[in-house]
Every structure is written in structure tokens, then in C-alpha cells.
Protein chains: 2
Amino acid sequence: MDNEPSYKDKKVISIGVVSELTGLTERKIRYYEEKNLIFPKRSKGGYRKYSFGDVERLMDIADQREEGVTTKEIKQELSKKERKEQKQKMIRGQLNAQFGIQKK
Amino acid sequence: MDNEPSYKDKKVISIGVVSELTGLTERKIRYYEEKNLIFPKRSKGGYRKYSFGDVERLMDIADQREEGVTTKEIKQELSKKERKEQKQKMIRGQLNAQFGIQKK
DNA sequence: CGTGTAAGGAATTCTGACACG
DNA sequence: CGTGTAAGGAATTCTGACACG
């Protein structure tokens, strides 16, 4: 009874299509991955596969680059968000361990 | 202020990925297209591009085929649905022409 | 009818490198 | 640092056909 498989995060789009969708060159897209700003999966043959979420992320990166933000700064911003999420997860886990009841 | 671009209907998935997602061979997928049960778009180079909606449709077709339903019957069922939708559209248009007020 | 397969070719993507700045 | 490009190779997909049934 779970709803849709969340199409937004399924990694199924090839770099050529992502290039069309974002307007970015394949070179840029690969470079942003090299800088750990985006994380596509790989097919058996080694082809990069992106999700719609990745496409959105890339458009956001493109906007920031236009504003002069460096990849390093974008990366730092990403790391900060990830640390926050980690903290939230920890807190939720703590609360659940202390007061959680419903096991299933 | 429009919501998401409806990822479900964007034709961005190559046949190889569709094959993995549905479990169908590429041969079958192409054959169902030949029988007009599915309608992928094409990239500049001529590669088929499918949407998540197409993937769902293919899984539905696969189920019907397993039950022994022929492609011809599946096609007829599809045509029937399309006629119904057409009729609904007509009615809505008629009602709008007669009583519709908000032009924009 | 529905599907598998081998065949040859074309489009797509990959990596590593050189260039410029 | 960020991006373009030419280079050679490998993975992907395409079509039309033959096969079986």
C-alpha cells in the first residue's frame, strides 16, 4: 500500500538527456560530479544514470555558478546541510529510543 | 507557481533501463510499440525514450499477456478508453462553450 | 502471433589529456 | 579553477530478417 516509487529519486536518466534538460554541457555535468556536488549511479556498462532530483540539483548548481559561487563553496554548503540532517536523524533516534513505543 | 513538471510523463528513459525496470526483453518492448500499445519518443539519434508512465503501462501489458490476453485485445481495450476520453473532452468543451465564463 | 537471435551500422558515453587562464 | 575539445575505445540501441510455431 506504499504510494508511488518516488520517480524523483530513481536514477534512470543518461547524461545526454540530463544535458538537454538542464542546458549544461556534459563536460560541466561530469566536472560537478568530480567535485562531489552530484552523485549519479552507474549502469553495468559504466554509464552514468541520474534522477530528476539530480536534474533539479544541477539546475540549482548552474544558478549558483552564474552568481559566481565556486564549486568549493557549493560543496561546503552541501556538507553543512548534510551535517544538519545527520543531527536531526540522531535526535529522532534518541527520542525514539527513549519514548518510542510502536515497534512496527 | 505550477507544481512539479510531472516527472511521470517525461520521456527520458532509454530502452535498456526500461528493460531492467519492467523485466521485459527489449524485443518485447519494441514489439508492443509495433502493435501500438506504447508510444515512446525518439532522441535526435533515433533512440527510444520512455516515461515512468510508459514503464507502468508496460508492466500492465506484461500482466495481461501472462493472462493470455493478446496484443490485439489489449489494443482494443486501449482504443475504447481513448474514445471515452475523447467523449469526455467533447462534453467538457460543449459545457464550457454554453456556460463557461472565466476566459482566463 | 509473439518472441529469440545474429548482423552490421550508427549514436552515445567513457576516460585521460592538453589547452587556456 | 572551470570548461572546451580531439582521441580512441567500449557499451547501447537501431533496423530488417530469419526462425519457430
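Reminder, nothing fancy here: chain letters follow the sequence lines and each chain counts from 1. In this text the structure is predicted, and so the values were computed from the model without any measurement.
- The stretch residues 32-42 of chain B participates, sequence neighbours left out, in these side-chain hydrogen bond (donor to acceptor under 3.5 Å, both in side chains) pairs: B:E33-B:R48.
- Toward the 5' end of DNA chain D, the nearer of the two residues A:K28 and A:S43, judged by each one's closest nucleotide, is A:K28.
- Between B:Y31 and C:dG2 there is a side-chain N or O to OP1 or OP2 distance below 4.0 Å.
- Residues satisfying the side-chain contact (heavy atoms from CB on, under 4.5 Å) criterion with B:Q94, sequence neighbours excluded, are absent altogether.
- Listed by chain and residue number, nothing satisfies the side-chain hydrogen bond (donor to acceptor under 3.5 Å, both in side chains) test with B:S79 (two or more places apart in sequence, or in another chain).
- A salt bridge does not link A:E73 to A:R65: none of the charged side-chain nitrogens sits closer than 4.0 Å to a carboxylate oxygen.
- Between A:Y32 and the phosphate of D:dG2, there is no side-chain N or O to OP1/OP2 separation shorter than 4.0 Å.
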Got a list of protein N/O to nucleotides 13-17 of chain C N/O distances below 3.5 Å?
{"from": "C:dT13", "atom 1": "OP1", "to": "A:S14", "atom 2": "OG", "distance (Å)": "3.0"}
{"from": "C:dT13", "atom 1": "OP1", "to": "A:G16", "atom 2": "N", "distance (Å)": "2.9"}
{"from": "C:dT13", "atom 1": "OP2", "to": "A:E26", "atom 2": "OE2", "distance (Å)": "3.3"}
{"from": "C:dC14", "atom 1": "OP1", "to": "A:R48", "atom 2": "N", "distance (Å)": "2.8"}
{"from": "C:dC14", "atom 1": "OP1", "to": "A:R48", "atom 2": "NE", "distance (Å)": "2.9"}
{"from": "C:dC14", "atom 1": "OP2", "to": "A:R30", "atom 2": "NE", "distance (Å)": "3.0"}
{"from": "C:dC14", "atom 1": "OP2", "to": "A:R30", "atom 2": "NH2", "distance (Å)": "2.9"}
{"from": "C:dT15", "atom 1": "OP1", "to": "A:R42", "atom 2": "NH1", "distance (Å)": "2.9"}
{"from": "C:dT15", "atom 1": "OP1", "to": "A:R42", "atom 2": "NH2", "distance (Å)": "3.1"}
{"from": "C:dT15", "atom 1": "OP2", "to": "A:R48", "atom 2": "NH2", "distance (Å)": "2.3"}

Only Watson-Crick and G-U wobble pairs with both distances less than 3.5 Å should count. Give DNA chain D in dot-bracket notation, marking inter-strand partners with |. .||||.||.|.|.||.||||.

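- Hydrophobic cluster of A:L78: the remaining members, joined at side-chain heavy-atom separations below 4.5 Å, are A:F39, listed by chain and number.
- For A:I13 and D:dT12, the CD1 to C1' distance is 17 Å, given to the nearest whole Å.
- When the C1' atom of D:dG2 is taken as reference, atom CG of A:L58 falls 15 Å away, rounded to whole Å.
- For the pair B:S19 and B:R27, the minimum side-chain heavy-atom distance is 4.5 Å or more.
- The side-chain hydrogen bond (donor to acceptor under 3.5 Å, both in side chains) test applied to B:K80 returns no partner, not counting sequence neighbours.
- Listed by chain and residue number, nothing satisfies the side-chain hydrogen bond (donor to acceptor under 3.5 Å, both in side chains) test with A:S43 (two or more places apart in sequence, or in another chain).
- Other cluster members for B:M90: none, since no ILVMFWY side-chain heavy atom sits under 4.5 Å from it.
- Annotation: side-chain contact (heavy atoms from CB on, under 4.5 Å) contacts of B:T22 (sequence neighbours excluded): B:V18, B:L24, B:I29, B:V55, B:L58, B:M59.
- Contacts of residues 64-80 of chain A with DNA chain C (heavy atom under 4.0 Å): none.
- Applying the side-chain hydrogen bond (donor to acceptor under 3.5 Å, both in side chains) test to B:K81 and every residue at least two apart in sequence or in another chain returns nothing.
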